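Taking it in order: structure first as structure tokens, then the write-up.
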Number of protein chains: 2
Amino acid sequence: MTTQSRATLADVARLAGVSSKTVSRVFADAGNVSAETRERVLGSAKRLRFRPNNLARNLRRGGVTNTVAFVIGDLTNPFYFTVAAGIERELALHGLTMVLASTDDSPDSEERVVDALLAQRVRALVLIPIADDQSYLDGERQLGTPVVSVDRPARNLIADSVVLQNRVGVAEAVRSLTAIGHRKIGFLSNPAGIYTQRERLAGYRDALREVGVTETAHWERLDDDPSVSAEYSVRSLLALADPPTAIVAGNNRGSAGAVRVLRDLDPPVAFIGFDDFELADALGISVVAYDPIELGRTAARLALGHLADPDSFTTQVEIPTRLIQRGSGEIPPPA
Amino acid sequence: MTTQSRATLADVARLAGVSSKTVSRVFADAGNVSAETRERVLGSAKRLRFRPNNLARNLRRGGVTNTVAFVIGDLTNPFYFTVAAGIERELALHGLTMVLASTDDSPDSEERVVDALLAQRVRALVLIPIADDQSYLDGERQLGTPVVSVDRPARNLIADSVVLQNRVGVAEAVRSLTAIGHRKIGFLSNPAGIYTQRERLAGYRDALREVGVTETAHWERLDDDPSVSAEYSVRSLLALADPPTAIVAGNNRGSAGAVRVLRDLDPPVAFIGFDDFELADALGISVVAYDPIELGRTAARLALGHLADPDSFTTQVEIPTRLIQRGSGEIPPPA
DNA sequence: CTGTTAGCGCGTTCAT
DNA sequence: ATGAACGCGCTAACAG
């Protein structure tokens, strides 16, 4: 197989017997070209397998592309990817494409990955902050590139952000448990150090404080070690001298572990997870749910808004959560 | 907020008192520049918030970028995005980034989406074919752009492909059922029209034919309508005068439905699904599993291989599947 | 180790 | 309705 070289505007123009500008008009403006010339140009283009070069086009137009970057932590996490789906959809409505890059949840690689994307002249940057300082983006922001942080607020950077109603969502869940009499409620969190988990923990404490429970430390299983399984944490709670009658998980990792342990317990232990998951309905698991697609769409909309009006104020959006009762959260404490 | 204009190589060169080529060397070659000059250039660049423009760089270098396109059907499908994760990882190892575009499983939009990506001068194209003709890509392939189809073979196009061991995998699953005495085995498929499902159906028939069962039509639930729920299909099988004693599902959609229906059945009905899923182990569901990450990695490797050696032959790879027994597939037929 | 010249493929700005 | 000249930001190919 021989690899031929690519045809350019000029090649097409030569074959069609017109100037390159006319070909340019056919492929871009679509105006001021006679139908006959147009046909001839398109015919030549097809014969030469011509494809307009967006690199050159964008360069001439001032170095702006039609792509928006999304910097994601871990590509295998369904949550992140569903957010990506939302971003992609919203962008597609506006003729923009998404480039995706992963930091593999490594704070050190964040700046490197982001830099590489900015060098591609993306029009906007949506990111899930992993590092604990995003001040390196300030210059780019001042140059007019919209920056939107998702799931967690950016640190040391003025930027739009879209986060979940973490604290209120968990508080609502815990309140539903205290309302039916629970007072001994466990909380699972791993990794406990990140923003979302800290917020959810705060919500858990809020709701318990409302009913006079302030000593919660022994019911909290806060870890920052992926090797500590959620199953293990649940079992350690149940092994307490005074075990909880209900458990709340800060993420779907915790739910997966809890489901495995709590299924055949007698007396049953109430459970509410954060993040909905496939089959949760079939298993009767109550959860604090939200719309991850909407999270992505909202982030994309904020980016597009800044693109349309560079002088607009930065915005913080909270995506609502809602408690979905499916049984496991409605189990009362043993009499 | 005022948006300043972006600094260029020349701006940095002027401030540093060197030629633009020297600045270029600092940011690209990283060779043949004295440490002192280098420092001065980097200092000026920082002050001006200079960021190299990859568009211009790539244009000058012959219009080749560092991006590979992945055209995906439906971003919200966990299978697809896990494949994407594999692609991204493999590409990242080679300094390439992935751009992602979705056809929303609409055959009509495929060519449009692909065209837009090719105009961005991606170095290679990985796609999940949705349309039933990919001949429109032949010109691009002849120009040297590697094309790799994933999950399904491309139609009317010479291209590398990576598919699953669909037929063999399902045959193995069905054989495990016939081995313990099952003869009446149902098969769920929706959408039944696509390549993977047709292959899996063929595997199902293969294995049953081996034990002399050739009349399988009434146990096959083949639909091409998303509104027909898997639950409904399962129930319709169980409602037969002579209901199956085991059921095999062609995808995880079928598994989700089957799990809901089969949980509390007496006598129990054996079940094996295609595609592994979260909590399948906790639920004791046997499945035909494979490594979707590996599917993506392999696709990326094929693309990279063609990039390294444009004259290499096209390759068809089959990713192995394996039967994971977790209980549901080991239930014998009622005596 | 550093600079000069030319041009990647296209669109803009004029002109005709 | 069409064309000529120039330049977007950068790097290849040469000098020196």
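Model, not experiment: these values are computed from the prediction. Letters go in sequence order (proteins before strands), and every chain restarts at 1.
- For A:Arg25, taking side-chain heavy atoms from C-beta onward, the closest of the listed nucleotides D:dT2, C:dG3, C:dC8 is D:dT2.
- Remark: of the listed residues B:Thr67, B:Val126, B:Leu96, B:Leu96 is the sole one forming a side chain to side chain contact (heavy atoms under 4.5 Å, CB included) with B:Leu91.
- Separating the CG atom of A:Leu48 from the P atom of C:dG9 is a distance of 14 Å, rounded to the nearest angstrom.
- Rounded to an integer number of Å, the gap from A:Arg38 CZ to D:dT2 P is 12 Å.
- Phosphate contact (OP1/OP2 of D:dT11, side-chain N/O of B:Ser24, threshold under 4.0 Å): present.
- A close approach under 4.0 Å does not occur between any side-chain nitrogen or oxygen of A:Thr8 and OP1 or OP2 of C:dC8.
- Nearest to the side chain of B:Ser19, among C:dC10, D:dC10, C:dG3, sits C:dG3.
- Checking C:dC8, C:dT4, C:dT12 against every side-chain atom of B:Lys21, the shortest atom distance belongs to C:dT4.
- Comparing A:Asn54 and B:Ala35 by the nucleotide of DNA chain C whose heavy atom lies nearest to each, the residue mapping closer to the 5' end is B:Ala35.
- If you check D:dA4, C:dT2, C:dG3 against the side chain of B:Ser34, the one that comes closest is C:dT2.
- Which of D:dC10, D:dG9, D:dG3 sits closest to the side chain of B:Arg57 comes down to D:dC10.
- What separates CG of B:Leu59 from C1' of C:dA6 is a distance of 14 Å, to the nearest Å.
- Looking only at distances, a side-chain donor or acceptor of A:Thr65 sits under 3.5 Å from a matching main-chain atom of A:Arg121.
- Rounded to an integer number of Å, the gap from CZ of A:Phe27 to C1' of C:dG9 is 14 Å.
- Side-chain N/O atoms of B:Ser20 include none lying less than 4.0 angstrom from OP1 or OP2 on D:dC10.
- Within 6.0 Å of atom CD1 in B:Ile158, 12 or fewer heavy atoms from other residues, nucleotides or ligands are found, so the atom counts as exposed in its surroundings.
- The nearest heavy atom of DNA chain C to A:Asn58 and to B:Val18 marks one nucleotide each, and the one closer to the 5' end goes with B:Val18.
- Side-chain contact check for A:Thr103 and A:Glu110: no donor-acceptor pair (N or O, by modelled atom type) lies under 3.5 Å.
- Atom pair B:Leu143:CG and C:dG9:C1' shows a separation of 16 Å (rounding to whole Å applied).
- Distance A:Asn53 CG to C:dG7 P: 18 Å, rounded to the nearest Å.
- Panel note: side chain A:Ser102, backbone A:Gly73; a donor-acceptor pair is recorded below 3.5 Å.
- Distances were taken from every side-chain heavy atom of A:Phe50 (C-beta onward) to each of C:dC10, C:dG3, D:dT11; the shortest belongs to C:dC10.
- A donor-acceptor pair under 3.5 Å links the side-chain atoms of B:Arg152 to the main chain of B:Pro129, judged by distance alone.
- In this structure, the CZ atom of A:Arg60 is 8 Å from the C1' atom of D:dC6, given to the nearest Å.
- Regarding A:Asp11, its CG atom lies at a distance of 8 Å from the P atom of C:dG9, rounded to whole Å.
- The listed nucleotides are C:dG3, C:dC10, D:dC10; the one nearest the side chain of B:Leu9 is D:dC10.
- Put simply, B:Thr22 has a side-chain N or O that comes within less than 4.0 Å of OP1 or OP2 on C:dG3.
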